[in-house]
Visitor: 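The structure under discussion is supplied below as structure tokens; questions concerning it will follow.
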There are 2 protein chains.
Amino acid sequence: MNKQNIPDIVIQRLPIYLQALNQLLREGRGVVSSAELGHLVMVTAAQIRKDLSYFGGFGKQGSGYNVIYLIESIRAILNLNQIWPVVIVGVGNLGQALLRYQGFSRKGFEIVLACDINPSLIGTRINGLEISDINNLEENLRRLKLQIAVLTVPAACAQNVADKLVSYGIRAILNYAPVVVKAPEQVHIINIDPVVKLQNLTYYLDTKDYQGLDNK
Amino acid sequence: MNKQNIPDIVIQRLPIYLQALNQLLREGRGVVSSAELGHLVMVTAAQIRKDLSYFGGFGKQGSGYNVIYLIESIRAILNLNQIWPVVIVGVGNLGQALLRYQGFSRKGFEIVLACDINPSLIGTRINGLEISDINNLEENLRRLKLQIAVLTVPAACAQNVADKLVSYGIRAILNYAPVVVKAPEQVHIINIDPVVKLQNLTYYLDTKDYQGLDNK
DNA sequence: TAGATTGTTAATCGATTAACAATC
DNA sequence: TAGATTGTTAATCGATTAACAATC
């Protein structure tokens, strides 16, 4: 099975399956059927089986999937059997919060570098990590050989910073800045501007002062 | 045009178009073609025209779309011509960061309520807002008639808190907790656990200590 | 008018689901 | 063995793209 052939949308669902499987593990469950797992993550049983079948057969007819074995299998597929070092670029409110967030290290992502352009931040420590000067970014990235960057800079400089990150070897960017950041296709980018997500939700809500221009 | 018939995925793209259009507006651009807008947000020109056509015709043959008019049209479609009050539930690291984040209010989302279960937080102020007791959530939500909640509580209580939010009238949830939160179908939920997004990216990266179980 | 670009239809592409033989 | 559930194929469904008449 070739990595190229597997739809992105299948890969996107795997971490969610993993989340549910870990929950089952904590509850002491040994096996789970595609029907039950599907119920937990809100997808059909057929979809779960189809998604997994891209990578092989992990279940047993008649009983279902061994929870531990499926967890280990998905972790292997997603390359999660290692600690991934991460850089946070931009230590504003969001960047600081992510630095303090315990969830990353608990799940195998270690923030090993945080940088900013603000002189009053550079040299200070947050959660034990010293904030470095963004002007030393190239040197630091080349030394640490990082592949993953979390981008929490203002919109105005996001593309510029992203270009630099890519030229210094970054291969994956989690972008919180409110712009669509572009990069060569071998670089993977996920955009998660929270405002975009909220603006998506408001479409479905009742509004008090609707001033529509359309025929909705 | 019936709201039911429009694919969710179309609605998801509208805020991104808006983002790019606002950028064009700042640059002083008066009109833009579907080809150029598509280039900015990495979708085809045909898709932009198709997406917009669900709501009406906003362009002019020969020249393209008036930037200001299209911004106003999309804002109307997404119900953005009002300030949306929001509650943040759970004032840990992430919740605190979002409270301090300026991007929400700048884009029309005002955090009017923040609550937590931790007695040492309740009564303190962050960014001018007093943290309230989560035990008063029902009373506060009924009074403020909020429809949007940002969920930044630990995974273990996320579903429980979400159930309460729904029963108190919340209709949209932006969920940062690392679990798939379930709700009746008239309640809209977007999950944005950052770890899930990172786990998606690692699939595509080079790994040093691969221990695969599969045939990739 | 000539050139450009929309809005829309039909064709294509890809993802989801249903169904069931295989088999635990 | 009987019952259950997988893995996979084929059918269906839905989204994207190509093409072009309409028209600015």
Visitor: Quick one: does A:Val196's side chain get under 4.5 Å of A:Asn191's, heavy atoms only?
Guide: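 No, every pair of side-chain atoms sits at 4.5 Å or beyond.
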Visitor: Would you say B:Lys182 has more than 12 foreign heavy atoms packed within less than 6.0 Å of its NZ?
Guide: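 Yes, NZ of B:Lys182 has more than 12 neighbouring heavy atoms, counting only those of other groups under 6.0 Å.
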Visitor: Considering non-hydrogen atoms only, spot the tightest contact between A:Gly103 and B:Val195 and give its length.
Guide: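 So the two residues come closest at O-CG2, 3.8 Å.
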Visitor: Hey, are B:Tyr17 and B:Asp51 close enough side-chain-wise for a donor-acceptor pair under 3.5 Å?
Guide: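 On atom types as modelled, these side chains qualify, holding a pair under 3.5 Å.
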Visitor: Classify the side-chain pair B:Gln159/B:Asp163 by whether it contains a donor and acceptor separated by less than 3.5 Å.
Guide: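 The criterion, which ignores hydrogens and geometry beyond distance, is satisfied for B:Asp163 and B:Gln159.
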Visitor: Can you list everything that forms a ring pair (Phe, Tyr, Trp, His ring centres under 6.0 Å) with B:Tyr101? Sequence neighbours excluded, please.
Guide: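 Testing B:Tyr101 for ring pair (Phe, Tyr, Trp, His ring centres under 6.0 Å), a comparison that skips the adjacent residues, returns B:Phe104.
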Visitor: Is the closest basic N to carboxylate O distance between A:Glu138 and A:Arg143 below 4.0 Å?
Guide: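 Salt bridge absent between A:Glu138 and A:Arg143.
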Visitor: Between B:Phe58 (CZ) and C:dT5 (C1'), how many Å, whole number?
Guide: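 It is 17 Å, rounded to the nearest whole Å.
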Visitor: ring-ring contact (aromatic ring centres under 6.0 Å, His included): which pairs involve residues 173-194 of chain A, sequence neighbours left out?
Guide: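 The answer is A:His188-B:Tyr204.
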Visitor: Can you give the dot-bracket line for DNA chain C, where a pair is Watson-Crick or G-U wobble with both atom distances under 3.5 Å, crossing pairs use [ ], and | marks a partner on another strand?
Guide: ..||||||||||||||||||||||
Visitor: Just wondering, do B:Asp193 and B:Asn175 contact through their side chains at under 4.5 Å, heavy atoms?
Guide: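 Result no, sub-4.5 Å side-chain heavy-atom pair not found.
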Visitor: A:Phe55 CZ to D:dT6 C1': how many Å, rounded?
Guide: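 Rounding to the nearest Å, CZ of A:Phe55 and C1' of D:dT6 are 17 Å apart.
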Visitor: Are the side chains of B:Asn200 and A:Asp8 in contact, using a 4.5 Å heavy-atom criterion?
Guide: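 Not touching, per the 4.5 Å side-chain cut-off.
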Visitor: Expressed in angstrom and rounded to an integer, what is the separation of B:Gln12 atom CD from D:dA15 atom P?
Guide: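 After rounding, the reported distance stands at 11 Å.
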Visitor: Within residues 27-35 of chain B, which residues have any heavy atom lying less than 4.0 Å from an atom of DNA chain C?
Guide: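 Within this stretch, B:Ser33, B:Ser34 sit under 4.0 Å of the strand.
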Visitor: Sort me out a list of protein N/O and nucleotides 21-24 of chain D N/O pairs below 3.5 Å, or just none if empty.
Guide:
unit_1, atom_1, unit_2, atom_2, d
D:dT23, O4', B:Gln61, NE2, 3.4
D:dC24, O4', B:Gln61, O, 3.4
D:dC24, O2, B:Gln61, O, 3.3

Visitor: Heavy atoms within less than 4.0 Å of DNA chain D: which residues of residues 39-52 of chain B have one? Give them sorted by number.
Guide: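 By residue number: B:Thr44, B:Ala46, B:Gln47, B:Arg49, B:Lys50.
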Visitor: Using whole Å, what does the distance between atom C1' of nucleotide C:dC13 and atom CD1 of A:Ile9 come to?
Guide: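 About 15 Å, once rounded to whole Å.
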Visitor: Take the protein atom CD1 of B:Ile6 and the nucleotide atom C1' of D:dG14, then report the distance between them rounded to whole Å.
Guide: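 The distance from CD1 of B:Ile6 to C1' of D:dG14 comes to 15 Å, rounded to the nearest Å.
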Visitor: Rounding to an integer number of Å, can you tell me how far B:Tyr69 OH sits from C:dT6 P?
Guide: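 Those two atoms, OH and P, are 15 Å apart.
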Visitor: Could you please spell out the steps behind the side chain to side chain contact (heavy atoms under 4.5 Å, CB included) verdict for B:Leu70 and B:Ile74?
Guide: CA-CA 6 Å; B:Leu70 188 53; B:Ile74 294 178; 4.1 Å; yes
Visitor: Using a 4.5 Å cut-off on heavy atoms from C-beta on, say whether the side chain of A:Phe55 contacts that of A:Ser73.
Guide: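 The answer is no; the side chains never approach within 4.5 Å.
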Visitor: Can you tell me if the side-chain N/O atoms of A:Tyr54 get under 4.0 Å from OP1 or OP2 in C:dA15?
Guide: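 No, no such contact exists.
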Visitor: Got B:Val86 and B:Val150 here, is their nearest side-chain heavy-atom distance under 4.5 Å?
Guide: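 Of all side-chain heavy-atom pairs linking B:Val150 with B:Val86, at least one is under 4.5 Å.
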